[in-house]
Participant: 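One structure coming up, written as C-alpha cells, with questions to follow.
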Amino acid sequence: MSTPPRVVSAFIDADITGTSEIELQIAVAKLPGLDLDETLEIFLDGNPVDPEELSSNVGGRIHRLSATDSKLTVAYRAGVSGQAAPQPALPLDRSTYLRPSRYADSDRMFGFVAGQFALDQTPAALARDIAGFVSERLIYEPGSSTPTDGAADTLLGGAGVCRDYSHLTVALLRAANIPARLVAVYAPGCDPMDFHAVTEVLYDGHWHCLDTTALAPRQSLLRIATGRDAADTAFLDNHGGMLSLNAATVTAVVDGDLPIDNGAEDIAIR
C-alpha cells in the first residue's frame, strides 16, 4: 500500500543567553524515494540565519548555528510525497545498537529479560512479545517522568511519554540480544500532537518499526533523526550558554484518511 502525501511543520521560539552553538533536528530525513518540498527559516533577533547542515547515514540532518544573547525563532514546513525504502542493516548497526546507551541502559536489564521472556523465540516473535509487555506495563502520562530518566527508571515507575516507552523497548530488546534504536518522527494522527519517538528493531536484514504507545499509525510516520536514544535525536540542543524554550508547535497530517494500523503487521518507516 502506498503512503498518502504528508504535510508537516514545526515552530520554535527560544531565548539564548550567552554564547551557544545551537543544533536543530526538525527536518524530515532525506532518503531515496521521498520527494520533499520544504522550507526552513531561522532568525536571530529577527535577522535571517543560514545554518550549516550536517547529514547522517540514515538521512537525518542537523542544522547548526552559533548565537549570542539572542531570540531564536525557527519555522519549518515540508510537503512529502512518495515513500522511502525500508532501511537495510549497515555493517556497524549490530555493534552500535546492541550496546547500552545513556537512556537505554540495557546492561541493567539482562536478569529481568531472562526471567520475563522466552529467549528461544525468533527475533521477530521476541520483539513482538517485548513490545506487548511495554504497552501493557506503562501508562502514558505526561509529566510523570523527567528528562534524565532512563529505561530502568521507566520500568520501575510504570509511566511516561513516548521517549520513555521507546527507551524501555530499546533497552529490553538489546538485553535480549536484538539490535534496537530510537527514531524521532513526525506522526500524523498522534494525539497529543508533538514530535514523536518510536523504536526500530533489526531482524531479517532490515529495520522494522514498533510504536509501543500506539498513538499514531506507523504507516504515516516520517523519519527525522535516528540514534541510540533521545540523546542522539533531540529536536533542539545547545552547547555553551543557556537556552530557554518558550514555545514549540508541531503539526503533521496526511492527504486523505489516516491509515489503519492493527499493530500486528511488520511495518517499516517509509
Side-chain angles (χ1 to χ4, degrees), residues 3 6 8 10 25-29 31 34 56 58-60 80 83-87 89 93 96-97 101 103-104 106 123-124 127-140 142 145 149-151 154 160-174 178-203 206-235 250-254 258-270:
T3 304
R6 292 156 282 183
V8 301
Q25 292 190 93
I26 61 173
V28 173
L31 293 167
L34 289 182
S56 80
V58 197
V80 186
Q83 55 185 154
Q87 286 294 305
D93 280 352
T96 300
Y97 296 114
S101 57
Y103 297 109
S106 52
R128 285 192 292 271
D129 273 3
I130 288 173
F133 169 83
V134 174
S135 295
E136 293 177 7
R137 173 86 173 197
L138 299 185
I139 298 170
Y140 189 89
S145 59
D149 283 355
T154 300
V161 293
C162 60
R163 61 172 263 161
D164 304 304
Y165 277 70
S166 184
H167 286 153
L168 180 55
T169 307
V170 166
L172 293 174
L173 287 164
R174 291 179 188 169
I178 302 175
R181 63 193 186 187
L182 184 145
V183 185
V185 296
Y186 285 105
C190 189
D191 185 14
M193 175 57 66
D194 204 341
F195 293 113
H196 192 42
V198 297
T199 301
E200 277 189 318
V201 54
L202 181 61
Y203 56 82
H206 285 86
W207 288 95
H208 306 264
C209 179
L210 302 173
D211 184 359
T212 46
T213 70
L215 287 178
R218 291 170 295 160
Q219 299 95 321
S220 66
L221 302 179
L222 276 170
R223 184 187 306 271
I224 303 172
T226 308
R228 296 165 298 173
D229 55 34
D232 292 339
T233 63
F235 73 88
V250 178
T251 65
V253 298
V254 298
L258 279 169
I260 303 299
D261 187 356
N262 63 17
E265 298 177 48
D266 269 354
I267 290 177
I269 298 174
R270 305 294 295 270

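In this text, all values refer to a predicted model and were calculated from it rather than measured experimentally. Keep in mind that the numbers below use all heavy atoms, side chains included, and drop hydrogens, waters and symmetry copies. The first residue of the sequence shown is numbered 1, and numbering continues consecutively from there.
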Participant: Ignoring hydrogens and angles, write down the donor-acceptor pairs under 3.5 Å from the side chains of residues 178-189, residues two or more places apart or on other chains.
Facilitator:
unit_1, atom_1, unit_2, atom_2, d
Arg181, NE, Glu200, OE1, 2.8
Arg181, NH2, Glu200, OE1, 2.9
Tyr186, OH, Ile26, O, 2.6

Participant: Who pairs with Asp129 by salt bridge (Lys or Arg N to Asp or Glu O under 4.0 Å), at least two apart in sequence or on another chain?
Facilitator: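 Result, salt bridge (Lys or Arg N to Asp or Glu O under 4.0 Å) vs Asp129: none returned.
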Participant: Name every donor-acceptor pair, under 3.5 Å, that has one atom in a side chain of residues 258-267 and the other anywhere in the protein, sequence neighbours excluded.
Facilitator:
unit_1, atom_1, unit_2, atom_2, d
Asp261, OD1, Arg218, NH2, 3.0
Asp261, OD1, Gly263, N, 2.9
Asp261, OD2, Arg218, N, 3.1
Asp261, OD2, Arg218, NE, 2.8
Asn262, OD1, Ala264, N, 2.8
Asn262, OD1, Glu265, N, 3.4
Asp266, OD1, Tyr203, OH, 2.6
Asp266, OD2, Tyr203, OH, 3.4

Participant: So Thr226 and Gln87, do their side chains get closer than 4.5 Å, heavy atoms only?
Facilitator: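 Not in contact.
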Participant: Show your reasoning for whether side-chain contact (heavy atoms from CB on, under 4.5 Å) applies to Arg6 and Leu34.
Facilitator: CA-CA 11 Å; Arg6 292 156 282 183; Leu34 289 182; 4.0 Å; yes
Participant: To the nearest 0.5 Å, tell me how far Ile130 CD1 sits from Leu168 CG.
Facilitator: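 So the gap between those two atoms works out to 9.5 Å.
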Participant: For residues Ser145 and Arg163, determine if any side-chain heavy atom of one lies less than 4.5 Å from a side-chain heavy atom of the other.
Facilitator: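 A side-chain contact under 4.5 Å is absent here.
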Participant: Tell me, do Tyr97 and Leu202 make a side-chain contact under 4.5 Å, heavy atoms counted?
Facilitator: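 Sidechains of Leu202 and Tyr97: no contact.
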Participant: Write down the atom of Cys162, the atom of Ala197, and the distance for their closest heavy-atom approach.
Facilitator: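 Smallest heavy-atom distance, with atoms named: SG-N, 3.5 Å.
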Participant: Are the side chain of Arg270 and the backbone N or O of Gln219 linked by a donor-acceptor pair below 3.5 Å?
Facilitator: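 Checked: no pair found.
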Participant: Parallel, tilted or perpendicular: which describes the rings of His167 and Tyr103, with under 30° parallel and over 60° perpendicular?
Facilitator: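 Parallel: the ring planes of His167 and Tyr103 meet at under 30°.
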Participant: Check whether any side-chain heavy atom of Val198 sits under 4.5 Å from a side-chain heavy atom of Ile269, and report yes or no.
Facilitator: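 The answer is yes, as the side chains (C-beta and beyond) meet within the 4.5 Å cut-off.
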Participant: State, to 0.1 Å, how close Gly60 and Ala29 come at their nearest heavy-atom pair, and which atoms those are.
Facilitator: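 That closest heavy-atom pairing would be N-CB, 3.8 Å.
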Participant: Report the C-alpha separation of Val170 and Asp229 in whole Å, then their side-chain angles, then the decisive distance to 0.1 Å, and conclude whether the side-chain contact (heavy atoms from CB on, under 4.5 Å) test is met.
Facilitator: CA-CA 8 Å; Val170 166; Asp229 55 34; over 6 Å; no
Participant: Can you confirm whether more than 12 heavy atoms, excluding those of Arg228, are under 6.0 Å from its CZ atom?
Facilitator: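 Result for CZ/Arg228: open.
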Participant: At their closest point, which heavy atom of Thr233 faces which heavy atom of Gly227, and how far apart are they?
Facilitator: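 The answer is CG2-N, 3.6 Å.
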Participant: So, does Thr169 use its side chain to make a donor-acceptor pair with the main chain of Tyr165 at under 3.5 Å?
Facilitator: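 The answer is yes, because a donor-acceptor pair under 3.5 Å joins these two groups.
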Participant: Going by heavy atoms in the side chains, are His196 and Thr213 under 4.5 Å from each other?
Facilitator: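 Yes, side chains in contact.
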Participant: Side chains of Ser135 and Thr212: any donor to acceptor distance under 3.5 Å?
Facilitator: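 No.
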Participant: Go through the steps to decide whether Cys209 and Leu221 satisfy the test side-chain contact (heavy atoms from CB on, under 4.5 Å), and finish with yes or no.
Facilitator: CA-CA 10 Å; Cys209 179; Leu221 302 179; 3.8 Å; yes
Participant: How close do Ser220 and Val254 get, heavy atom to heavy atom, and via which atoms?
Facilitator: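 Closest pair (atom of Ser220, atom of Val254, distance): CB-CG1, 3.9 Å.
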Participant: Closest approach of Arg223 and Leu31, non-hydrogen atoms and distance?
Facilitator: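 Heavy-atom minimum between the residues: NE-CD1, 3.9 Å.
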